[in-house]
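In what follows, every heavy atom counts, from backbone to side chain, and hydrogens, waters and symmetry copies are set aside. Reminder, nothing fancy here: chain letters follow the sequence lines and each chain counts from 1.
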Number of protein chains: 2
Amino acid sequence: MASAISTRPPGRPRTGVHAAVFAATLRTVHELGYARATVERIATAAGVAKTTIYRRWPSKGDLIVDCLLDAFGPASLEGASRAEIMSSAIHWIAAKIGEPGVGDAFAGVFSDAVSDPALREILSVRLQDPYRLALQDALGEPEDRVRFFTDVVVGTLLHRMGMTGAPMADTDVAALVGMVLPALQRGSHPF
Amino acid sequence: MASAISTRPPGRPRTGVHAAVFAATLRTVHELGYARATVERIATAAGVAKTTIYRRWPSKGDLIVDCLLDAFGPASLEGASRAEIMSSAIHWIAAKIGEPGVGDAFAGVFSDAVSDPALREILSVRLQDPYRLALQDALGEPEDRVRFFTDVVVGTLLHRMGMTGAPMADTDVAALVGMVLPALQRGSHPF
DNA sequence: AGGTATCGAAACCCACGGTAGCGAAAAACG
DNA sequence: CGTTTTTCGCTACCGTGGGTTTCGATACCT
């Protein structure tokens with residue numbers, strides 16, 4: 001296969017624009033809300049043409065998911081015991097969702113995904129699955145249980161965000177931890 | 001104030017169309033999903049003109065909220081103990097969200113509300129507040145606690161619905177109950 | 001310089017929420 | 001019956017936003 005990789009293709013190279021677009025996305029979503037954060041406005045805020053955005057991301061949903069992946073970064077999942085791991089994971093995702101723009105963007109794509117199976121697939125596979133698999137491994141819990149805990153934690157945080165417009169306060173996050181941990185310890189038979 | 005009520009106003013009376021529109025709304029949302037359930041399509045499915053819909057409901061959000069109010073009906077909130085009341089409430093809302101069209105409509109309007117403060121107000125005041133107040137009364141719990149439980153229960157159910165496209169299975173609803181009840185019993189200090 | 005691929009700008013298409021204007025139909029009243 | 005009043009369905013329309021197309025300009029490599 002010829003010289004394969006590492007040979008720079010001919011023509012004008014792409015300008016590195018991901019970082020600027022991600023920053024502009026979060027900033028715009030934070031200032032205007034998800035619905036008013038149009039691709040046009042995001043492009044303008046990033047100092048880039050709308051067409052350039054669509055050359056890199058096939059849809060607004062893909063852009064947001066990539067932006068969230070960049071904002072979340074790798075999961076930490078620290079802790080000596082299963083309880084500590086779960087606790088730190090909840091605090092971690094709550095803090096991330098609390099960052100300006102991140103929560104709005106997350107709730108926004110999730111909303112769009114409800115009636116868009118393709119976007120739902122992207123959201124599920126690219127954003128949630130990696131963290132879910134890491135959690136399964138760290139906790140030694142089966143897939144369904146981790147999915148259940150994910151529904152509870154992320155669902156609660158997003159519902160609060162969606163209804164009040166503000167991220168969940170620390171005391172409530174603590175209450176969430178205090179509610180999930182016993183269920184984790186009890187095992188898979190809460191009856 | 002003259003003859004006040006009970007005097008029939010002149011002119012052509014309105015055709016009773018609410019029931020047909022509500023049914024058409026749930027059916028259309030169930031078959032096509034929230035995003036494809038346009039007002040135009042709902043009107044056609046109800047055998048009514050789009051303008052007639054907008055003569056009765058100021059926006060699509062109001063229509064959906066009214067439709068959900070009609071579908072939910074009054075809360076039951078039966079049970080001898082606080083635990084039984086909470087348990088029956090969770091099963092009740094889970095069953096309602098599981099009805100064809102209801103969950104999709106709920107998740108859809110919730111999604112729209114994320115970036116639409118006016119719609120969020122409608123959703124909060126007309127749909128959630130009545131049930132929340134009834135729960136506060138029945139459980140004897142303060143507002144913040146009931147809001148927290150609402151976030152957990154509704155958030156979890158909607159997150160599951162949004163990610164999988166299907167309502168939560170009974171065993172998972174039971175697990176949800178098994179997670180919430182101890183927290184309810186523990187009182188407001190889960191530390 | 002020549003080849004190639006990207007960039008920005010502008011025009012465009014389409015779907016959808018929501019509005020305006022109109023003639024027709026349905027009731028009440030004389 | 002005709003007049004009045006209100007609603008009906010229909011069609012045309014507007015604004016916005018996601019996404020595409022086209023085209024000249026520009027940046028890189030050989």
ask   = In whole Å, what is the span from the CG atom of A:L63 to the C1' atom of D:dG18?
value = 12 Å
message = Measure OH/B:Y54 against P/D:dC10 and give the value in whole Å, please.
response = 17 Å
Comparing B:R55 and B:T38 on DNA chain C - which has the more 5′ nearest nucleotide = B:T38
message = Please report the distance, rounded to the nearest Å, between CG in B:D116 and P in D:dG17.
response = 13 Å
query = Rounded to the nearest Å, what distance is computed from the CD atom of residue B:E40 to the P atom of nucleotide D:dG9?
reply = 12 Å
query = Has the side chain of A:K50 got a donor or acceptor atom sitting under 3.5 Å from an opposite partner on the base of D:dG19?
reply = yes
message = Could you report the tightest heavy-atom contact between B:G33 and A:S115, atom names first, then the distance?
response = C-CB, 4.5 Å
inquiry  = Any base atoms under 4.0 Å from A:R56, or only sugar-phosphate, or nothing? Heavy atoms, all strands.
reply    = sugar-phosphate
note = Of all heavy-atom pairs linking A:F72 and A:V102, the shortest is CE2-CG1, 3.7 Å
remark   = Of the candidates D:dG18, D:dT20, D:dC10, the side chain of B:T51 sits closest to D:dC10
inquiry  = So which atom in B:A20 and which in B:A46 form the shortest heavy-atom distance, rounded to 0.1 Å?
reply    = O-CB, 3.9 Å
note = Tightest non-hydrogen contact, residues B:L184 and B:R82, listed as O-NH2, 3.3 Å
inquiry  = For B:V109 versus B:L119, what's the shortest heavy-atom pair and its separation?
reply    = O-CD2, 3.9 Å
ask   = Where does the chain A footprint on DNA chain C start and end, counting 5' to 3' with a 4.0 Å heavy-atom cut-off?
value = C:dT4 to C:dA10
inquiry  = Between P on D:dC29 and CZ on A:R12, what's the gap in Å once rounded to a whole number?
reply    = 13 Å
task = Give a yes or no on whether the backbone of A:I42 and the side-chain of A:T28 come within a donor-acceptor separation of less than 3.5 Å.
result = no
request  = Please confirm whether the backbone N or O of A:A166 pairs with a side-chain atom of A:T164, one donor and one acceptor, at under 3.5 Å?
outcome  = yes
request  = Check every atom of D:dT26, D:dT6, D:dG9 against the side chain of B:A49 and return the nucleotide holding the closest atom.
outcome  = D:dG9
ask   = Could you state the CD1-P distance from A:I42 to D:dG17, rounded to the nearest angstrom?
value = 12 Å
